[in-house]
Amino acid sequence: MEYNFIEIEKKWQNNWKDTNAYQVSNDSSKPPFYVLDMFPYPSGAGLHVGHPLGYIASDIYSRFKRLKGFNVLHPMGFDSFGLPAEQYAIETGQHPATTTQKNIATFKDQLDKIGFCYDWSREIRTSEPDYYRWTQWIFLQLFKSWFNPQSKKAESIQTLVQQFETLGSENFSAEEWKSFSKNKQQDILMQHRLAFSAFGEVNWCEALGTVLANDEVVNGVSERGGHPVIKKKMRQWYLRITDYADRLLEGLNTVDFSDSMKEMQRNWIGKSEGCEMDFEVANQIGNNDAFKIKVYTTRPDTIFGVDFLVLAPEHDLVNQITTEAQRGSINEYLTYVKSRSDRERMAEVKQITGCFTGAFATNPFNGKQIPIWIAEYVLAGYGTGAIMAVPCGDQRDFLFAQHFNIPITNIIGNHFDGTQANPTKDATLQASDFLNGLLMKDAIKVAIEKIESLGIGKRKVNFKMRDAGFSRQRYWGEPFPIRWEDGMAIATEESQLPLELPHVEKYGPGPEGEGPLANIESWKNEKFETSTMPGYAGSSWYFLRYMDPKNANTFCDKKVSDYWGQVNVYIGGTEHAVGHLLYSRMWTKVLFDLGYIGFDEPFKRLVNQGMIQGSSRFVYRIKGTNEFVSFGLKENYETDELHVDVNFVDGIELDTTAFSNWKPDYANASFILEEGKYLCGVEVEKMSKSKFNTVNPDDLVLKYGADTFRMYEMFLGPIEQSKPWDTKGIEGVHRFLRKLWRLFNDDLKGKVWNDETPTDAELKILHRTIKKIEADTENFSYNTAVSAFMVCVNEMSDLKCHKKSILEQLLVLLMPYAPHISEELWHQLGHTTSILDAAYPVFEASYLVESSKSYPISINGKLRTNIEISLAAEQPEVEQIVLNNEIVQKWLEGNAPKKIIFVKGKMVNVVV
RNA sequence: GCCCAUGUGGCGGAAUUGGUAGACGCAGCAGACUCAAAAUCUGCCAUUCGCAAGGGUGUGAAGGUUCGAUUCCUUUCGUGGGCACCA
């Protein structure tokens with residue numbers, strides 16, 4: 001009997017489906033365990049081999065935990081709102097709901113072929129009204145809440161209103177509050193709501209009449225069409241995530257994420273401690289009072305080294321302080337900055353730009369007049385949008401001063417050499433009045449105290465993180481349950497949810513950069529908000545909905561979320577390190593504060609899978625011709641490098657016939673060959689349809705079976721690591737499964753397994769394998785686990801071991817990795833119940849005990865020989881044996897050894 | 001630019017805490033079986049010197065710590081990912 005994977009896999013997939021083998025109950029005596037995948041955005045391109053990597057890993061883990069006796073929740077769904085569907089709609093006129101539906105069907109079909117153990121009865125889609133009803137509901141809770149800095153948690157906005165009514169605030173008394181117009185009261189409350197509306201800058205493209213993502217802006221022009229893009233202020237919605245900055249930082253100590261992931265989040269939050277300080281500047285326009293420029297600095301100790309101030313070009317005071325003489329060049333510079341994307345402003349710091357305003361500020365400590373500049377390296381969004389520049393202590397300031405010939409003050413003596421800044425805090429201050437003689441790191445505190453006592457500034461903690469922009473001028477997203485009346489945002493009644501996304505005729509932008517919803521008359525008449533929520537809205541809480549997906553009364557019953565608790569293991573790519581993971585952590589904290597769930601961190605453990613990269617192939621077309629030259633000869637011509645579909649290339653050799661048939665353009669292409677072959681160029685890039693380097697899992701499943709495919713993906717390398725895809729190696733894993741099959745069946749003789757009693761050697765191999773597989777599976781070290789399976793099957797084959805008592809335990813170990821073949825062989829051994837719930841083999845150390853070891857013997861750290869020595873032997877005995885060894889004596893050349901290092905059970909090193 | 005990751009044979013990778021570098025697999029080479037092919041099996045496979053025994057070199061590069069470094073430290077180069085409206 002042969003290994004007919006097509007039949008076997010179909011048979012058991014149907015069986016598992018018919019018996020609801022993967023359905024999970026919220027009511028079980030087993031301990032709960034929640035394994036979650038980051039759900040996919042169902043793109044039109046379908047799955048490529050990179051997508052299932054994380055899904056296979058989580059599937060293996062879920063099955064493993066189930067064997068270990070847990071009630072495992074392992075759901076899947078679709079993040080189905082998003083920009084690509086909308087752009088496709090603009091191009092083709094098809095409704096996003098239609099294309100999304102179709103794409104999801106394709107995805108599910110592809111996923112099912114791989115044999116995942118998802119409980120599809122819990123599937124969710126973020127674009128379904130039943131789902132986004134609760135996204136809108138949670139948004140309303142955010143809208144109706146504020147962050148109380150005293151209790152450090154979210155509370156109903158009503159508690160704030162009460163506070164204002166009884167105590168007033170810093171800025172107004174209780175009486176004043178009551179006298180405010182309703183409009184003014186709402187404006188004030190808006191400044192405290194967790195979901196709030198305010199003005200913010202967006203990338204605006206006049207020609208396209210739309211707002212663009214940073215991604216869609218390349219070199220200051222739109223990616224589509226190459227039209228100019230500028231910054232424009234528009235009313236936007238935001239989430240006040242900055243209020244949660246400290247709790248988001250503290251929470252990292254309670255979760256099991258990789259250190260690098262935590263580091264990335266910490267850097268994103270970017271907590272820094274310093275102070276704000278005012279610098280006075282003369283008014284250039286009238287004879288009004290002098291302006292005060294507030295700067296933020298983490299280094300107030302360097303106050304006597306300030307040589308100039310730099311404002312962000314967007315700073316409010318730029319216009320008012322600029323002198324007439326400088327106005328022309330300032331305006332010129334502002335125009336230049338407007339055309340620059342944020343990315344460019346950050347990246348191209350080698351190119352130093354800036355412009356002098358003509359104004360001078362006064363250093364409050366020594367009265368020195370210091371010039372005020374504007375420069376794009378100062379960002380309006382961080383701190384106060386103004387900095388004090390200390391060239392001797394900050395490299396960027398130093399380069400700026402050097403470039404514009406601004407004299408540099410040295411406050412650290414010979415710690416500053418005049419060729420580069422010294423950013424350490426270890427130097428002793430000089431020429432710094434009351435700070436003289438202090439170490440810089442100690443002076444920071446002293447300086448802040450002085451600044452506060454003089455009333456010119458105060459201690460301030462700053463975060464790099466900004467409040468999260470939460471509105472998009474798009475169609476395919478959740479509508480805000482908000483109406484605008486008299487400039488006030490009015491929440492929709494919760495009983496009216498969902499506020500369904502209306503159909504539109506065209507998906508183009510509305511007037512004045514508003515979203516497509518602004519084109520719908522009825523929507524405008526109802527005064528509904530015309531922007532929609534961003535992609536991360538639905539994904540910020542979906543893990544809760546899986547627990548209780550059908551509940552029509554609430555987003556997730558508290559009793560149910562108490563049973564499942566946090567996600568035990570969350571698997572997904574690092575590309576979500578800062579976005580999605582921070583937002584979902586914030587939403588969880590808010591829902592916790594408001595009492596809707598019982599935990600304030602959503603994910604207990606996070607595993608990041610690396611990206612499977614595509615290995616692209618290139619052909620070289622001689623400019624202006626239809627002639628293609630092989631890679632090695634391309635230097636002789638002027639060529640264009642073009643992607644070619646990897647499926648036409650064997651290794652690096654191009655199948656020229658397949659290539660010619662690919663596109664009509666290439667039908668009569670000619671080729672310049674080297675040694676009779678056309679060789680392609682190779683580059684590792686992101687796997688993407690547009691680069692023609694995608695490989696479809698369906699083809700591989702068809703050719704080798706799902707079990708082979710699953711194990712091969714895991715065998716490629718460590719799950720966290722990025723690695724290029726190479727289809728060739730899959731043969732090896734397929735051979736392994738066939739070899740396993742032959743332990744049970746012979747192609748000619750049929751059944752070969754038997755009921756004989758296992759030998760010690762066989763038990764030793766089995767238990768070594770149990771130990772290794774169990775540990776590797778728990779650690780997500782799946783590539784080494786697959787290798788251990790191979791070693792085990794190779795050794796069992798060598799021993800001609802066909803014994804049921806050994807093989808059936810091996811099958812259980814293998815089930816999480818290759819469920820179909822395991823289930824089939826399990827039944828062939830006579831079992832009548834599914835292997836999905838078999839008992840996991842128990843490792844017994846007694847089978848592995850050894851009495852001696854072949855010790856590696858090094859001379860001066862270099863391996864020279866091996867000697868078999870009893871494991872019980874101690875140093876004196878071992879020294880004796882080693883020194884009597886012929887090879888060791890040869891290397892000693894008659895000398896006595898200086899030292900003999902003996903590590904019991906490991907090695908011996910003789911130092912000569 | 002900033003942040004994170006990473007660099008080991010022709011290729012993917014292994015080496016649980018500093019202790020035999022290259023497990024396992026792919027590709028390649030040689031052989032067995034076969035009329036032939038497929039499948040399967042056996043052997044070789046970092047590099048260099050050598051008939052061999054055996055030796056030299058070798059984990060991106062350069063230094064350092066150590067009896068001993070792929071592993072720890074310093075410097076440096078390359079590659080991949082993220083950087084707030086892609087998801």
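Below, chains carry the letters A, B, ... as their sequence lines are ordered, and counting in each starts from 1.
- If you take atom P in B:rU34 and the same atom in B:rC44, they sit 24 Å apart, rounded to whole Å.
- Side-chain atoms of A:Tyr41 lie closest to B:rA87 of the nucleotides B:rG19, B:rC41, B:rA87.
- Taking the six-membered ring for Trp and thresholds of 30 and 60 degrees, A:Phe78 and A:Phe107 have ring planes more than 60 degrees apart, a perpendicular arrangement.
- Rounded to the nearest Å, the gap between the P atom of B:rG31 and that of B:rG64 is 50 Å.
- Within a 6.0 Å sphere centred on CG of A:Asp259, heavy atoms belonging to other residues, nucleotides or ligands number 12 at most.
- Nucleotides B:rA61 and B:rC77 have their P atoms positioned 15 Å apart, rounded to a whole Å.
- Base orientation for B:rG50: anti, the chi torsion being more than 90° from 0.
- Only the P atoms considered, B:rA30 is 40 Å distant from B:rG81, to the nearest whole Å.
- For the pair A:Lys862 NZ and B:rG68 C1', the computed distance is 11 Å after rounding to whole Å.
- For residues 39-50 of chain A, the set of pairs meeting the salt bridge (charged side-chain N to carboxylate O under 4.0 Å, His left out) definition, not counting sequence neighbours, is empty.
- One can place CE of A:Met714 at 18 Å from P of B:rG12, the figure rounded to the nearest angstrom.
- Remark: C1' of B:rG82 and CG of A:Asn608 are 12 Å apart, rounded to the nearest angstrom.
- Looking at the side chain of A:Asp79, the nearest of the listed nucleotides B:rC67, B:rA87, B:rC41 is B:rA87.
- Here the separation of B:rC24 from B:rU74, taken at their P atoms, is 36 Å to the nearest Å.
- Salt-bridge check for A:Lys703 with A:Glu731: failed, with every basic side-chain N at 4.0 Å or more from each acidic carboxylate O.
- A:Arg266 places a side-chain heavy atom less than 4.5 Å from the side chain of A:Leu249.
- Taking atom CG on A:Asn860 and atom P on B:rC67, their separation rounds to 11 Å, with Å as the unit.
- Within the nucleic acid shown, A:Trp725 has no heavy atom closer than 4.0 Å to any nucleic acid atom.
- Between A:Gln236 and A:Asn909, the one whose closest nucleotide on RNA chain B sits nearer the 5' end is A:Asn909.
- Heavy atoms of A:Lys898 sit nowhere under 4.0 angstrom from any nucleic acid atom.
- Taking 4.5 Å as the limit, some side-chain heavy atom of A:Trp476 sits within range of a side-chain heavy atom of A:Phe81.
- In this structure, B:rG1 and B:rC83 make a Watson-Crick or G-U wobble pair, each of the two defining distances being under 3.5 angstrom.
- For the P atoms, the distance linking B:rA21 with B:rC73 amounts to 22 Å, nearest Å.
- B:rU57 and B:rU8 are spaced 15 Å apart, taking the C1' atom of each and rounding to whole Å.
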Going 5' to 3' along nucleotides 20-28 of chain B, which nucleotides have protein heavy atoms under 4.0 Å from the base (write B), which only from the sugar-phosphate (write S), and which from neither (write -)? B--BBSSS-

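- Looking at heavy-atom distances under 4.0 Å, A:Pro40 makes no contact with the nucleic acid at all.
- When both pairing distances are held under 3.5 Å, B:rU40 makes a Watson-Crick or G-U pair with B:rA32.
- Within 4.0 Å of A:Ser539, counting heavy atoms only, lies no atom of the nucleic acid at all.
- The interatomic distance linking A:Leu743 (CG) with B:rU40 (P) rounds to 14 Å, in whole Å.
- Each of A:Tyr712, A:Phe709, A:Phe5 was evaluated against A:His734; a single residue qualifies, A:Phe5, per the ring-ring contact (aromatic ring centres under 6.0 Å, His included) test.
- Pairing for B:rU6 goes to B:rG78, judged as Watson-Crick or G-U wobble with the two contacts each under 3.5 Å.
- Within 6.0 Å of the CD atom in A:Glu886, the count of heavy atoms belonging to other residues, nucleotides or ligands does not exceed 12.
- Counting any heavy atom pair closer than 4.0 Å across all strands shown, A:Val908 reaches no nucleic acid atom.
- B:rU71 makes up no base pair with any nucleotide shown, lacking Watson-Crick or G-U wobble contacts both under 3.5 Å.
- Taking a 6.0 Å sphere around NZ of A:Lys233, one finds it holds 12 or fewer heavy atoms contributed by other residues, nucleotides or ligands.
- B:rA23 and B:rA14: their C1' atoms are spaced 5 Å apart (whole Å).
- Contacts of A:Arg864 with the nucleic acid, taken as non-hydrogen atoms under 4.0 Å apart, involve only primed sugar atoms and P, OP1 or OP2.
- If you check every strand for non-hydrogen atoms under 4.0 Å, A:Met261 touches nothing.
- Not one side-chain nitrogen or oxygen of A:Lys890 sits closer than 4.0 Å to the OP1 or OP2 atom of B:rG54.
- Using a 4.0 Å heavy-atom distance criterion, A:Gln613 is classed as a sugar-phosphate-only contact.
- In this structure, A:Leu83 places its CG atom 6 Å from P of B:rA87, rounding to the nearest Å.
- Closest to the side chain of A:Arg738, from the set B:rU40, B:rG19, B:rC83, is B:rU40.
- A straight line from CD1 of A:Ile90 to P of B:rC86 spans 14 Å, rounded to a whole angstrom.
- Following rounding to the nearest Å, A:Glu263 (CD) and B:rG81 (C1') show an atom-to-atom distance of 16 Å.
- A perpendicular orientation is assigned to the rings of A:Tyr817 and A:Phe789, their planes being inclined by more than 60° (bins at 30° and 60°).
- Base pairing of B:rA14: no nucleotide in any strand meets the Watson-Crick or G-U wobble criterion (both distances under 3.5 Å).
- Side-chain proximity of A:Lys723 to the nucleotides B:rG13, B:rA84, B:rG55 is greatest for B:rG13.
- Residues A:Tyr507 and A:Tyr475 bring their aromatic ring centres within 6.0 Å.
- A:Gly82 comes within 4.0 angstrom of the backbone, heavy atoms only, and of no base.
- Relative to the side chain of A:Arg742, the nucleotides B:rC67, B:rA87, B:rU40 differ in distance, and B:rU40 lies closest.
- Between A:Phe81 and A:Lys771, the residue whose closest nucleotide on RNA chain B is further toward the 5' end is A:Lys771.
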